[in-house]
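Naming convention: chains lettered A, B, ... in sequence-line order (proteins, then strands); numbering from 1 in each chain. All values below were derived from every heavy atom in this structure, side-chain atoms included, with hydrogens, water molecules and symmetry-related copies excluded. Keep in mind the model is a prediction, meaning the values are calculated, not measured.
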Amino acid sequence: DAGVIQSPRHEVTEMGQEVTLRCKPISGHDYLFWYRQTMMRGLELLIYFNNNVPIDDSGMPEDRFSAKMPNASFSTLKIQPSEPRDSAVYFCASNGGAGNTIYFGEGSWLTVV
Amino acid sequence: QKEVEQNSGPLSVPEGAIASLNCTYSDRGSQSFFWYRQYSGKSPELIMSIYSNGDKEDGRFTAQLNKASQYVSLLIRDSQPSDSATYLCAVGTSYGKLTFGQGTILTVHP
């Protein structure tokens with residue numbers, strides 16, 4: 001079985017540009033998570049979905065960030081406009097139920113210059 | 001108070017020693033507890049999960065949970081240089097939220 005698939009793996013963009021990160025969860029998993037990891041703040045939960053519905057977006061830093069899950073096999077995290085402080089690794093993860101192990105994608109490494 | 005806190009580290013132990021990693025959490029309703037290992041430049045991978053009070057052993061790894069004290073720990077016996085990584089404690093609720101601690105960097109030196 002394929003794991004969680006994220007794209008792009010690496011992105012370098014200029015401040016002010018729109019960034020879209022994509023995620024395909026493991027088939028059959030009904031929870032999807034977006035995390036951001038930096039040296040200073042560690043692994044932060046941004047938002048998570050259950051059955052394509054956002055359950056908790058309290059970790060989304062500000063209105064520049066938005067996330068959608070239009071169907072069970074696809075989610076996006078969008079940053080518009082991007083800022084240098086958004087530079088981080090963004091991980092998508094999924095699991096098959098509350099309390100189950102979550103599986104991470106390989107991450108999207110974002111650099112905003 | 002942070003939702004999940006880990007001993008700050010970094011932690012350095014000699015090869016063959018026991019490494020002890022600790023984690024406390026604030027939400028008494030938490031029901032699932034995990035330890036993940038993350039190598040530099042890689043994504044986190046699961047080492048252990050534990051759901052009830054007591055100890056759970058898997059090879060060289062033992063997870064301990066004390067819900068009354070809101071405390072989770074991970075012991076690594078016979079530590080190897082390949083165990084050198086960042087260890088992340090994660091705590092889950094019944095409604096699916098999974099929160100991670102800051103991580104503890106472990107170095108096992110020969």
At a heavy-atom distance under 4.5 Å, which candidate from B:Gln38, B:Glu45, B:Lys42 has the highest pair count against chain A? B:Gln38
Just checking A:Lys78: does its NZ atom have more than 12 heavy atoms from other residues, nucleotides or ligands closer to it than 6.0 angstrom? no
Interchain contact, A:Asp56 with chain B, by part (heavy-atom threshold 4.5 Å): side chain
Quick one: CD on A:Gln17 to CD1 on A:Ile79, what's the gap to the nearest 0.5 Å? 12.5 Å
Ring pair (Phe, Tyr, Trp, His ring centres under 6.0 Å) assessment of A:Phe49 paired with A:Tyr31: CA-CA 6 Å; A:Phe49 296 82; A:Tyr31 282 85; over 10 Å; no
Ion pair B:Asp27/B:Lys97, N-O distance below 4.0 Å: no
Among residues at least two apart in sequence or on other chains, which ones pass salt bridge (charged side-chain N to carboxylate O under 4.0 Å, His left out) with A:Glu83? A:Arg64, A:Arg85
Which of residues 88-113 of chain A get closer than 4.5 angstrom to chain B, counting heavy atoms alone? A:Phe91, A:Ala98, A:Gly99, A:Asn100, A:Thr101, A:Ile102, A:Phe104, A:Gly105, A:Glu106, A:Trp109
Under 4.5 Å from any heavy atom of chain A - which part of B:Ser32: side chain
Within residues 68-75 of chain A, which residues come under 4.5 Å of chain B, heavy atom to heavy atom? none
Could you check if a side-chain atom of A:Trp34 sits within less than 4.5 angstrom of a side-chain atom of A:Cys23, using non-hydrogen atoms only? yes
Mind checking whether B:Met48 and B:Leu46 sit in one hydrophobic cluster, side chains of I, L, V, M, F, W, Y counted as touching below 4.5 Å? no
Can you tell which of B:Gly103, B:Pro44, B:Ser49 has the highest number of heavy-atom pairs within less than 4.5 Å of chain A? B:Pro44
Centroid separation B:Phe100 to A:Tyr35 less than 6.0 Å: yes
A:Arg22 meets the side chain to side chain donor-acceptor pair (under 3.5 Å) criterion, sequence neighbours left out, with none
Give the C-alpha distance, both sets of side-chain angles, the deciding distance and a yes or no for side chain to side chain contact (heavy atoms under 4.5 Å, CB included) between B:Phe34 and B:Tyr51. CA-CA 9 Å; B:Phe34 306 87; B:Tyr51 299 92; 3.7 Å; yes
Examine whether an atom of A:Gln37 lies under 4.5 Å from a heavy atom of chain B, and if so say whether it belongs to the side chain, the backbone or both; otherwise answer neither. side chain
For B:Gln80 and B:Asp78, which I'm curious about, is there any donor-acceptor pair between the side chains at under 3.5 Å? yes
What's the verdict on ring pair (Phe, Tyr, Trp, His ring centres under 6.0 Å) for B:Tyr71 and B:Tyr25, showing C-alpha distance, side-chain angles and the deciding distance? CA-CA 7 Å; B:Tyr71 176 87; B:Tyr25 59 94; 9.3 Å; no
